[in-house]
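First comes the structure, then the notes that go with it.
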Amino acid sequence: METDKRELHERIACHPLVTPFRRKVYEALLEVPRGKVTTYGVLARHIGCGSAQAVGGALRANPFAPDVPCHRVVAADLSSGGFCGCRTGTEIARKIALLSAEGVPLDVEGRLSDASRVWKFGANA
DNA sequence: TACAAGCAATAGT
DNA sequence: ACTATTGCTTGTA
């Protein structure tokens with residue numbers, strides 16, 4: 001039994017710091033199934049934005065973590081990217097652990113071992 | 001309201 | 001490896 005997604009969506013909509021753009025980012029992120037990841041670029045493109053940095057900026061201030069699985073977002077290079085505003089450190093180790101617990105194989109460097117684990121919106125598995 | 005700087009990135013040189 | 005580009009957020013004037 002999982003959390004009511006609708007409630008989470010309403011929670012997002014009610015948040016004062018959440019702009020329409022951020023909301024798109026979070027909702028798109030919720031479309032990524034467990035055991036899969038996505039990249040900043042793909043996610044940005046999916047929400048109609050050409051800047052992955054904008055996505056990064058939105059996730060950096062993600063007030064819904066880990067309800068919004070920001071840890072399922074990696075860089076196009078398959079590197080871990082960042083987590084909770086940190087690009088390296090204990091937080092990243094936490095991100096790796098979370099992904100590993102979801103069935104996503106990560107290298108000891110925090111890199112994705114299998115590129116096919118990347119979720120492309122519309123390209124089903 | 002207007003302007004400038006920065007960001008968990010990516011692509012191209 | 002480095003620079004340029006990208007769209008959005010935040011802070012300051």
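Every chain is numbered from 1 and lettered A, B, ... according to where its sequence line falls, protein lines coming before strand lines. Bear in mind the structure is a predicted one, so any value in this text is a computation, not a measurement.
- Checking B:dT10, C:dG7, B:dA9 against every side-chain atom of A:Ser51, the shortest atom distance belongs to C:dG7.
- A salt bridge does not link A:Arg11 with A:Glu7: every distance from a Lys NZ or Arg NE/NH1/NH2 to an Asp or Glu carboxylate oxygen is 4.0 Å or more.
- Rounded to the nearest 0.5 angstrom, A:Asp4 CG and A:His9 NE2 are separated by 10.0 Å.
- Summarising the geometry, the separation between CG on A:Leu17 and P on C:dT9 is reported as 11 Å, rounded to the nearest angstrom.
- In this structure, A:Cys86 reaches neither bases nor backbone, as no heavy-atom distance under 4.0 Å exists between it and the strands shown.
- Between A:His46 and A:Phe121, the ring planes are parallel. Angles under 30° get that label, and only those over 60° would be called perpendicular.
- Base engagement by A:Gly82 is indicated by at least one non-hydrogen atom pair under 4.0 Å involving a base atom.
- We find that OH of A:Tyr40 is positioned 19 Å from C1' of C:dT5, with the value rounded to whole Å.
- Minimum interatomic distance between A:Tyr26 and A:Val68 (heavy atoms only, all atoms of both residues): CD2-CG1, 3.8 Å.
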Query raised in the report: side-chain contact (heavy atoms from CB on, under 4.5 Å) between A:Asn62 and A:Leu29: does it pass, once the steps are laid out?
Result: CA-CA 11 Å; A:Asn62 174 16; A:Leu29 204 49; 5.7 Å; no

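- At the heavy-atom level, A:Phe21 lies under 4.0 Å from the strands shown only through sugar-phosphate atoms.
- The side chain of A:Arg22 places an N or O atom within less than 4.0 Å of a non-bridging phosphate oxygen (OP1 or OP2) of C:dT10.
- Residue-level contact check: A:Gly50 touches the backbone only, with heavy atoms under 4.0 Å from sugar-phosphate atoms and none from bases.
- Following rounding to the nearest Å, A:Leu59 (CG) and C:dC8 (P) show an atom-to-atom distance of 15 Å.
- Across the protein-nucleic acid pair, A:Arg87 atom CZ and B:dG6 atom P stand 13 Å apart, rounded to whole Å.
- If you take CG of A:Leu43 and C1' of C:dT6, they are 15 Å apart, rounded to a whole angstrom.
- Rounded to an integer number of Å, the gap from CZ of A:Arg45 to P of B:dA9 is 18 Å.
- In this structure, A:Ile47 places its CD1 atom 13 Å from C1' of C:dT9, rounding to the nearest Å.
- A distance-only check finds no donor-acceptor pair linking the side chain of A:Arg117 to the backbone of A:Leu112 [under 3.5 Å].
- Base engagement by A:Ala54 is indicated by at least one non-hydrogen atom pair under 4.0 Å involving a base atom.
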Query raised in the report: How is the base pairing of DNA chain C summarised as a dot-bracket string, given the Watson-Crick and G-U wobble criteria with both distances under 3.5 Å, [ ] for crossing and | for another strand?
Result: |||||.|||||||

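- Mapping A:Gln53 and A:Ala61 onto DNA chain C by nearest heavy atom places A:Gln53 at the nucleotide closer to the 5' end.
- Listed here is the closest heavy atom pair of A:Ser113 and A:Leu106: OG-C, 3.4 Å.
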